[in-house]
There are 2 protein chains.
Amino acid sequence: MVSNPSNFEAAKSIFTAYLETKLLRKTPERYAILEEIYSRNDHFEVEDLYISMKNKKYQVSRATVYNTLDLLVECDLVKKHQFGKNLAQYEKAYGSKQHDHLICVDCHKVMEFCDPRVQNIQNMVGDMLKFKVMHHSLIFYGTCERTDCEHKTKEAS
Amino acid sequence: MVSNPSNFEAAKSIFTAYLETKLLRKTPERYAILEEIYSRNDHFEVEDLYISMKNKKYQVSRATVYNTLDLLVECDLVKKHQFGKNLAQYEKAYGSKQHDHLICVDCHKVMEFCDPRVQNIQNMVGDMLKFKVMHHSLIFYGTCERTDCEHKTKEAS
DNA sequence: TTGAGTGCAAACTTTTTGCAATGTT
DNA sequence: AACATTGCAAAAAGTTTGCACTCAA
């Protein structure tokens, strides 16, 4: 979901507060990664982020990217997804409203939607099973009808 | 969800029909893997299956396990999950009713629940976004209140 | 000053692939 | 007999780890 540009500033304050609370160091690499993430929209993977940063002022290592992403997920500034592949995908979380995803199994496009009923189900199921639900992941897999959907021709049977 | 033992026989027929339609070979390895899967309950990973089979009459290779799992997922006899980790988990699908999952972030226990409203949301969102939804994945993450939940003590902050 | 954090490369884990041997059709 | 399928081991792909160096506190 599109978010306004000042979200980075807000995210930065939250991150600073988090680092201070946890007695972690406020390194330039960590802020550079946060900035890069908040300059992006939609979903990206670690390698995307790493490559983008390689081409900019901050050359960070993959280890630092992984490390920082963990911190950002921990303080809810970034969401981590596992969209069926063995490859984590991330998106910024601050200032975007709660949403879930649809993924086209042909062109792999990721779309988003909101439906308040998901929250109701979450609350009810949590109560019923004595389970304190903290977050959820709802993904619909199917085919989109975009004209530019690159329908992979499945192996002829 | 628990299923009755004869599900293996039914699954076997379905698999045979699938293999014949696709002009694939009916090898003993494929049936042995199907049998092993249908003798299990709940969720397992590739290595679990591979190890179990190593200790039985059929010694199959990992490559064959992966290959066969793909076929079984394709013909809906097995469901593949990506529960947040970079590790695929599977469960038999025939004869079990549609359900979704709750996962305890502390003890990693996987629980199941059914809620028909998920289907409604799926239909509605699909219609709205002109997306033909084929299946979904809904996972609630939280903490269970089982007395035997091995609450990992998070690093003291 | 000092030890948390970084970069790099090596190690690990899960999955995929290449190829010779096997066995279903 | 032909060639899809198997087993094995090597390669990929993504992530984690070990260690010496660096720099935020």
Side-chain angles (χ1 to χ4, degrees), chain A residues 12 15-34 36 43-51 53-75 78 80-90 108 155-157, chain B residues 12 15-34 36 43-51 53-75 78 80-90 108 155-157:
Chain A
K12 208 156 105 176
F15 195 31
T16 299
Y18 174 79
L19 293 174
E20 287 172 351
T21 309
K22 291 276 189 174
L23 302 175
L24 299 170
R25 292 183 179 173
K26 302 191 270 288
T27 66
E29 288 83 358
R30 286 173 174 168
Y31 286 103
I33 290 168
L34 180 67
E36 177 62 30
H43 308 83
F44 60 90
E45 36 201 85
V46 173
E47 199 62 16
D48 294 334
L49 195 59
Y50 175 69
I51 298 296
M53 299 200 65
K54 271 275 164 200
N55 302 329
K56 295 190 180 171
K57 48 184 181 300
Y58 274 107
Q59 307 252 334
V60 293
S61 67
R62 280 190 188 79
T64 301
V65 172
Y66 279 103
N67 165 45
T68 303
L69 278 170
D70 284 348
L71 296 177
L72 292 170
V73 167
E74 181 99 359
C75 63
V78 168
K80 178 175 184 175
H81 299 289
Q82 206 77 46
F83 289 139
K85 293 172 296 192
N86 287 320
L87 192 169
Q89 290 189 270
Y90 298 83
H108 301 111
E155 72 283 11
S157 54
Chain B
K12 208 155 106 175
F15 194 31
T16 299
Y18 174 79
L19 292 174
E20 286 172 352
T21 310
K22 291 277 190 169
L23 301 175
L24 299 171
R25 291 182 181 174
K26 301 191 272 288
T27 66
E29 289 83 358
R30 285 173 176 169
Y31 285 103
I33 291 168
L34 180 66
E36 176 63 29
H43 309 84
F44 59 90
E45 36 201 84
V46 173
E47 198 63 14
D48 294 335
L49 195 58
Y50 175 69
I51 298 296
M53 300 201 65
K54 270 277 165 198
N55 301 329
K56 295 190 181 171
K57 48 184 181 298
Y58 274 107
Q59 308 251 336
V60 293
S61 67
R62 280 191 188 77
T64 301
V65 172
Y66 278 103
N67 164 44
T68 303
L69 278 170
D70 283 349
L71 296 177
L72 292 170
V73 167
E74 182 99 359
C75 63
V78 169
K80 179 176 183 174
H81 300 289
Q82 207 76 47
F83 289 139
K85 293 172 296 193
N86 288 320
L87 193 168
Q89 290 189 269
Y90 298 83
H108 300 110
E155 72 282 10
S157 54

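What you see below is based on every heavy atom in this structure, not just the backbone, and it leaves out hydrogens, waters and symmetry mates. Not measured: the values here are computed from a predicted model.
- Nucleotides of DNA chain C nearest to B/K26 and B/A63 differ in position, and the one nearer the 5' end is that of B/A63.
- There is no side-chain donor-acceptor pair under 3.5 Å between B/Y50 and B/S61.
- In this structure, the nucleotide among D/dC8, C/dT15, C/dT14 sitting nearest to the side chain of A/N86 is C/dT15.
- Taking atom OH on A/Y58 and atom P on D/dC23, their separation rounds to 11 Å, with Å as the unit.
- At whole-Å resolution of the value, CD in A/E29 and P in D/dA24 are 8 Å apart.
- Straight-line distance from the CE atom of B/M53 to the P atom of D/dT6: 11 Å, rounded to whole Å.
- At whole-Å resolution of the value, OH in B/Y66 and P in D/dA12 are 17 Å apart.
- For A/R25 against D/dA25, no side-chain N or O and base N or O form a donor-acceptor pair under 3.5 Å.
- Without hydrogens or angle criteria, A/T64 side chain to A/V60 main chain gives no donor-acceptor distance under 3.5 Å.
- Computed from coordinates, the B/R30 CZ to D/dG7 C1' distance equals 14 Å when rounded to whole Å.
- In this structure, B/L19 atom CG and C/dT24 atom P are separated by 13 Å, rounded to whole Å.
- The side chain of B/R62 lies closest to C/dT15, out of D/dT15, C/dT15, C/dG7.
- Checking D/dA24, D/dT6, C/dG5 against the side-chain heavy atoms of A/P28 singles out D/dA24 as nearest.
- No contact: A/E45 has no heavy atom under 4.0 Å from any strand.
- Taking atom CG of residue A/L24 and atom C1' of nucleotide D/dA24, one finds them 12 Å apart after rounding to whole Å.
- Outside the 6.0 Å centre-distance limit, the rings of A/F83 and A/H108 are not counted as a close aromatic pair.
- Residue contacts for A/L23: at a heavy-atom cut-off of 4.0 Å it reaches no nucleic acid atom on any strand shown.
- Where A/K80 and B/Y50 each meet DNA chain D at their nearest nucleotide, the meeting point lying more 5' is that of B/Y50.
- When heavy atoms are screened at a 4.0 angstrom cut-off, A/E47 is found touching no nucleic acid atom at all.
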